[in-house]
Number of protein chains: 2
Amino acid sequence: MVTMRDVAQRAGVSIATVSFVLNDTKPVTPATRAKIERAMTELGFRRNMVARALASRRTRIIAMAYPALDHRFGFSAAEFFTSAADAARKQDYHLVLWPVGNDGAELTELVGQSLVDGVVLMEVQLDDARVGILQSIGTPFALIGRTTTPDGLPHVDIDFETTVENAVEELYGLGHRQIVLVAGDLSHPSFRNYGPYVRTEAAYRRVAAEYGVQIVILESSDTTRSGQEVAARVMAEHPGTTAVLVVNEYAALGVVSGLKKLGHDVPREISVLALLMSPETARLADPELTIMRTPGPELGQLGTEALIRQLEGAEPLPPQLVPASYQPGGTTARPRSG
Amino acid sequence: MVTMRDVAQRAGVSIATVSFVLNDTKPVTPATRAKIERAMTELGFRRNMVARALASRRTRIIAMAYPALDHRFGFSAAEFFTSAADAARKQDYHLVLWPVGNDGAELTELVGQSLVDGVVLMEVQLDDARVGILQSIGTPFALIGRTTTPDGLPHVDIDFETTVENAVEELYGLGHRQIVLVAGDLSHPSFRNYGPYVRTEAAYRRVAAEYGVQIVILESSDTTRSGQEVAARVMAEHPGTTAVLVVNEYAALGVVSGLKKLGHDVPREISVLALLMSPETARLADPELTIMRTPGPELGQLGTEALIRQLEGAEPLPPQLVPASYQPGGTTARPRSG
DNA sequence: CTGAAAGCGCTTACAG
DNA sequence: CTGAAAGCGCTTACAG
């Protein structure tokens, strides 16, 4: 292994000076710099990250803590993760993925190893034990999602309010007046505190009232089967329905296939709009789903940047709420009698 | 931060002895051990992984290099990754994900940082530049997938031969005699060298010949749309077909929906069997797909273990080929005129 | 602008 | 079985 000592020797300088040009941390004469840079390329020097970490007390590694909920790690999680990894790489950081429990025990253990400079918390619960733990340990962190009272905590999240508003506006604009919400399964104990479910439902209630649309909410877990079942219930219990908003991705696929199976024409007879979905998933439906596209890439990047800014002592990024963006597909249209 | 020095002082021993009990690397009197352990818990000591890494020249971090192909990072990749992360954690290693290019340039750069002890290579191409690079650098690695001549390289992969054999046997046993293969898009430049596509096609040719089944191969890229299109072609060009084997996951979903759309009854009129699929994806089809389940979790684990064994200097794991396992669903049945 | 030296928190021969 | 000491490859005051 070629070390800084080798480089320094070859360039005829001290290792301190090598370090200065490497990190651009002190002014160095162009001539000296050139000598050192030549020595580095000639020797094929690559700086040892571990030694740097130990000396500087900064590993330049950050962790993304992903709770192993009942939730699958699918397209959406992958989007968050890969965009976060990219953002980290661009700033010369590494990202490690920590699939840890929600109670924070494993997280404490891992953070204690002093391996990472900070943590990006995914799937933050409204009341999340991990937040208090990181605060008490003093580990820098950023949230993707937010607790009930996120003020003062660096966080980014989906702007559920705006997303639902825009979704309802879109459907209302098409002429729909009976717009049902297929919400997440808030009655399931694991999800009682799940922000996206809680917030989309609340937003729907508010926006529906505002538009004078009757509030009809059915729950569905995030499976195609459950979506199919709820589709049947929608048509049986609320026959006047002309449009359905669906929170869960795979439930939305099921709602579409379920409606078709029952002989309903999507979108001519009934429109389906997915509230939080990735384009990849949208393409699995036939017709391709009209969606509010989950801003996974944006949030992964913003969350990572928020954390890195803290680590670098830069101006903190203000909390950001990013709405899902409307992406037209084939499952929405004017209602027949609109 | 509580260091080994603090522990040693409190226990009245040297830091060497603390290290010995911590790593269980030399015999220590029960009494001494007890003193040290008490001191550690009293002080809340956690060993600093970075210092350990520098001193021991082993970081206990391994990387999973995932090439950013045209491929998406979906369920399957997630399965590989999370099972690998779990396997690593169980052996007290960390796993980092490196989304790197296929040419090996970024990989070289990252490996040069001495951050990881070894690399698990995902999506290995039949002729993969990364393999030669890692060999020349001398970084330990394990392959998930394999090159054309993987002998001597530690690797694990899907047993495509057995998978296709079992799939054909299953269909043949049901009475099918006209079994079409919807292969991957080998004609696409990116995938000419893609092992799973090449190997499944070769295996189908061999097995079909063996069973006296006419060899019919159509290509499809891994999208639902492409699957739908190919379904139409199958029925138009090979009307006697009673069963379809599909290599690509999302193409398989498209084949099912495409057939239904054309008015064909799945499985009564035609059976569909997905050759490499995750159960999550299977559930998205209606009826749920009959699949050969991709052994993602097994391979992620085995690949990681193969690497860790090398790192620990243990008996190397022999290369392992794991077949996809048959998982019944609703898309296969006896042919009508069987 | 450059260098000598201490130190980051561990591991590991070596000696006893 | 235990300890004193060197060393892993860097960074960073401190001095000049």
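Below, read A as the first sequence line, B as the second, and so on, with proteins coming before strands; counting in each chain starts at 1. Keep in mind that the numbers below use all heavy atoms, side chains included, and drop hydrogens, waters and symmetry copies.
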- Message: Checking side chain to side chain donor-acceptor pair (under 3.5 Å) between Asp117(A) and each of Gln310(A), Arg60(A), Arg58(A), which is the one that passes?
- Response: Arg58(A)

- Short question: side chain of Thr304(A), backbone of Gly300(A) - any donor-acceptor pair under 3.5 Å? yes

- note: Lys35(A), atom NZ; dC1(C), atom P; distance rounded to Å ~ 14 Å

- Below 6.0 angstrom between ring centroids: does that apply to Phe81(A) and Phe81(B)? yes

- Note, Gln135(B) side chain near Phe141(B) side chain (heavy atom, < 4.5 Å): yes

- Query: Do Asn23(A) and Arg52(A) have side chains that get closer than 4.5 Å, going by heavy atoms?
  - Reply: yes

- Between protein and nucleotides 8-16 of chain C, map the contacts as a letter string: B base, S sugar-phosphate only, - none, heavy atoms under 4.0 Å, written 5' to 3'. BBBBB-B--

- Thr17(B) side-chain N/O to dC1(D) phosphate OP1/OP2 under 4.0 Å: no

- Below 4.0 angstrom from OP1 or OP2 of dG3(C), is there any side-chain N or O of Ser14(A)? yes

- Counting Watson-Crick and G-U wobble pairs only, both distances under 3.5 Å, name the nucleotide matched with dT2(D), or none. dA15(C)

- Test Gln125(A) against Tyr194(A) for side chain to side chain contact (heavy atoms under 4.5 Å, CB included), laying out the working first. CA-CA 5 Å; Gln125(A) 305 290 297; Tyr194(A) 188 55; 3.7 Å; yes

- Item | Presence of Thr32(A) side-chain N/O under 4.0 Å of dC1(C) phosphate oxygens OP1/OP2 | no

